[in-house]
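Written out below as structure tokens is the structure these notes cover.
Order of the sequence lines fixes the chain letters, A, B, ..., with proteins taken first and strands second; residue numbering starts at 1 for each chain.
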Protein chains: 2
Amino acid sequence: MIQARLMGRVTIEDVAERAGVSVATVDRVLNSRATVRPRNAARVEAAIRALNYQPDRLAARLARQRSYRFCFVLPRGGNIFMRDLATEIESHARHLAGERVSADILYTDIFDPEALSASLLSVSGKYDGVALVALDHPRVREAIQHIASHGAEVVTLVSDAPGAARSHFVGIENAAAGRTAATLLGRYLGGRRGKIGIIAGSLALRDHAERHFGFAQVIAAEYRDLSLLPVQEGRDNPERSMELAAGMIAREGDLVGIYNIGAGTEGIIEALQSSGRSRDIVFVAHELNEITRHALLDGAVDVVIAQDPGHEARSAMRVLMARCDKAAIIAAQERISVDIFVKDNLP
Amino acid sequence: MIQARLMGRVTIEDVAERAGVSVATVDRVLNSRATVRPRNAARVEAAIRALNYQPDRLAARLARQRSYRFCFVLPRGGNIFMRDLATEIESHARHLAGERVSADILYTDIFDPEALSASLLSVSGKYDGVALVALDHPRVREAIQHIASHGAEVVTLVSDAPGAARSHFVGIENAAAGRTAATLLGRYLGGRRGKIGIIAGSLALRDHAERHFGFAQVIAAEYRDLSLLPVQEGRDNPERSMELAAGMIAREGDLVGIYNIGAGTEGIIEALQSSGRSRDIVFVAHELNEITRHALLDGAVDVVIAQDPGHEARSAMRVLMARCDKAAIIAAQERISVDIFVKDNLP
DNA sequence: CTGAAAGCGCTTACAG
DNA sequence: CTGAAAGCGCTTACAG
């Protein structure tokens, strides 16, 4: 130990010498690349242990000349969050250019199973790793299977397809996000009695459905004084969401809260503000961006539940790189958290 | 561009060839290592641009043979959070052993300026980087200055010393954490009127003082129905905190909330539960650990404000490595967020 | 099943 | 001010 520190780093050469074999043989047992005579394998392993040898990851990557060609499949014409995600992907890809990483972005209609699976098939075989905002559909699972069986690593991003051959999901637990929204809305209402309006993009989206499920579960179990209006689908569209919100505000005199599961938050803010009942109705929305940040400071939105697109972009690339290298990931580092923002803890 | 992709990676050799110089000269302009004839420098820069050359970071680190010897200075006999932090540092140091990183931990009495500065001076000159849980005191600033002027990079961790020669602070904005606690406590009380008890470890600790400041500021400005009891100092000790909490619960009939700025949360939970007023008093505490996690699920604690010790350990090492290499950091990745946890978004 | 040797893309003395 | 050459610690054909 003291030897090792004084003598500098322990190299594969030191291990080879001590085991009485060549570095190639050490490499073979280290990376289980080829069969090594058991006796030699044992001697190598003993030497590794005796010297507390740690292979130099940098040297290995350099020698291997491995490059990482990644493709990110994102929704075409996405909402603010998806645009932020694309920006983060581009920015981090630039950052990783010095580590042989390149990332293309392919925009497609992720809500159309045929279009999405066609896009996936079109990139199959061309990349080392693919990250996609998934739709949970047999056709899509099939396309993911195709990519994976052609040697690429696949991760889902933001929206998962649980049954599919993806090796990892980079995103939040959406049911937990919905429960979190419910608890904060419920506690902010502090025993007030009334109705809660819910607007989703579309309940056909797995993440929206899961948030709704979690939200409804907590309200039903813990806030008996609150009742849920039927979910309205705003298609993540501000105008449509505004009309839906304006409608419920006008119809329901005892509307005390609104939960926006998807995008289009600016429309709902507009409806709240022009109704004059903004102060009175607790409003919980998703994702932190220019609009929701401003609205939190304004008081138009009370709580934002969020996932960090920068973290997701970096995590997707780290996970894909690790999978390509068959290396382990740091689970805690790659966990995407359900973030809560109020006006006081904004970044 | 297409050339570059077809031909594989652009190397320093390609740049040298195109510029009509040797690789050593390219290296000189790349790293501004020595004076290069302006004409040659210009040709090199032109070649870099023309070929869109990106130096290979891995090869550079390998050739440089740089190692990173870090020292983490932590409080001896610290609370749960500090123990978690130490665990995370050890675990991440093990992870980075394959990248020539080693990290020692030195435990000392960080609350005693003399002891802390003596510890700092004892490691000065022996490491490439030092991360310390700081105390904001002239003696400590002086010791930090000493380490920095002997060539080591210094970052503060969790607790900052703003005037000092540290190049970065790895931790949260504590005033924001206090404001966040106040907003959630205020909103959870939903207009109820009464007194708020505050327990701190010690207001001599900068982070505790800042949290208190932020908390008081928001309550004063936004929650006129709530009034603050004088801060009690529990020294982060569960027994003492229990007595303080029990005292205020007994004395103040209209106690509606408690904010624990520091550690010792288990003591306050005990006081609340044995008083039978746990359900009635909103309790906000700091840091997520076995105790507070359990208490959130129990309902004994309503909200936890936290910083992630795993993120802090990883960030401190990344920042120290970057500073040693004179490389840029990714600001968003190194920002430590003020996390909010309720029972529903626990990791 | 094993080893000698070349090579990955940089950096670093050293000589000029 | 500049370049030829060795070296960082691995991996990879290739020959045996």
Side-chain angles (χ1 to χ4, degrees), chain A residues 4 7-45 47-48 51-68 96-101 324-327, chain B residues 4 7-45 47-48 51-68 96-101 324-327:
Chain A
M7 306 296 288
R9 199 177 167 75
V10 179
T11 70
I12 194 171
E13 203 110 26
D14 302 327
V15 176
E17 194 179 344
R18 174 151 186 150
V21 298
S22 74
V23 296
T25 296
V26 176
D27 176 68
R28 285 182 188 107
V29 347
L30 227 46
N31 298 295
S32 36
R33 239 183 265 291
T35 33
V36 171
R37 199 144 42 110
R39 185 186 123 87
N40 278 343
R43 298 186 60 165
V44 168
E45 271 154 16
I48 288 174
L51 299 173
N52 185 227
Y53 169 63
Q54 300 264 20
D56 185 314
R57 263 203 288 276
L58 304 177
R61 276 177 63 186
L62 177 62
R64 238 173 282 203
Q65 289 195 79
R66 216 209 182 300
S67 65
Y68 306 86
L96 288 180
E99 298 185 27
R100 315 168 110 77
V101 175
C324 287
D325 293 342
K326 271 120 191 59
Chain B
M7 308 295 289
R9 199 175 167 77
V10 179
T11 69
I12 195 172
E13 202 111 25
D14 302 328
V15 175
E17 194 178 344
R18 175 152 185 149
V21 298
S22 74
V23 295
T25 295
V26 176
D27 176 68
R28 286 184 187 104
V29 347
L30 227 46
N31 299 294
S32 37
R33 239 182 266 290
T35 32
V36 171
R37 197 141 46 106
R39 185 186 125 85
N40 279 343
R43 298 186 61 165
V44 168
E45 271 154 16
I48 287 174
L51 299 173
N52 183 228
Y53 169 63
Q54 299 265 19
D56 185 313
R57 263 201 288 277
L58 304 177
R61 276 177 63 186
L62 178 62
R64 240 174 280 205
Q65 290 195 78
R66 221 217 178 293
S67 65
Y68 307 86
L96 289 180
E99 298 185 26
R100 315 166 110 76
V101 174
C324 287
D325 292 342
K326 273 121 190 55

Original post:
Can you tell if the side chain of B/Arg9 reaches within under 4.5 Å of the side chain of A/Gln65, non-hydrogen atoms only?
Top reply: no
**OP:** Any chance you could measure A/Asn40, atom CG, to A/Arg28, atom CZ, to the nearest 0.5 Å?
**Re:** 10.5 Å
Subject >> Protein-nucleotide distance (A/Gln54, atom CD; D/dC10, atom C1'), rounded to Å >> reply: 15 Å
**OP:** Would you kindly give the CZ-to-P distance between A/Arg100 and C/dC8, to the nearest whole Å?
**Re:** 10 Å
**OP:** Decide yes or no for A/Ile48 and A/Leu30: does some side-chain heavy atom of the first lie under 4.5 Å from some side-chain heavy atom of the second?
**Re:** yes
Original post:
Counting only side-chain N and O atoms of A/Ser22, is one of them less than 4.0 Å from OP1 or OP2 of C/dG3?
Top reply: yes
Original post:
Separation of A/Glu99 atom CD from C/dC8 atom C1', in whole Å?
Top reply: 15 Å
**OP:** Grab the CZ-C1' distance between B/Arg57 and C/dC8 for me, whole Å please.
**Re:** 17 Å
**OP:** State the OH-CD distance between B/Tyr53 and B/Glu13, to the nearest 0.5 angstrom.
**Re:** 10.0 Å
Original post:
Which heavy atom of A/Thr25 sits nearest a heavy atom of A/Val36, and at what distance?
Top reply: CG2-CG1, 4.0 Å
Original post:
So do A/Asn52 and A/Val10 actually touch side chain to side chain, heavy atoms under 4.5 Å?
Top reply: no
Original post:
Could you give the CZ-to-P distance, from A/Arg66 to C/dG9, as a whole number of Å?
Top reply: 15 Å
Original post:
Can you check whether B/Val21 reaches B/Val44 side chain to side chain, under 4.5 Å on heavy atoms?
Top reply: yes
Original post:
Hey, is the side chain of A/Thr25 poking within less than 4.0 Å of OP1 or OP2 on C/dG3, counting only N and O atoms?
Top reply: yes
Original post:
Does DNA chain D take part in any stems of at least 3 consecutive Watson-Crick or G-U pairs (both distances under 3.5 Å), and if so, which ones?
Top reply: C:1-3 with D:14-16, C:5-12 with D:5-12, C:14-16 with D:1-3
Subject >> Atom pair distance, as rounded to whole Å: CG in B/Asp14 and P in C/dG9 >> reply: 9 Å
Original post:
Taking atom C1' of D/dC10 as reference, at what distance in whole Å does atom CD of A/Glu13 sit?
Top reply: 10 Å
Subject >> Closest approach of B/Val26 to B/Ala16 (non-hydrogen atoms, all atoms of both residues) >> reply: CG2-CA, 3.6 Å
**OP:** Would you please name every residue forming a side chain to side chain donor-acceptor pair (under 3.5 Å) with A/Arg43, sequence neighbours left out?
**Re:** none
Subject >> Annotated protein contacts, base or backbone, on nucleotides 11-16 of chain C with a non-hydrogen cut-off under 4.0 Å, one of B, S, - each >> reply: SB----
**OP:** Ignoring backbone atoms, test whether B/Arg9 places a side-chain nitrogen or oxygen under 4.0 Å from the OP1 or OP2 oxygen of C/dG9.
**Re:** no
Subject >> d(CZ, B/Arg43; P, D/dT2) in whole Å >> reply: 11 Å
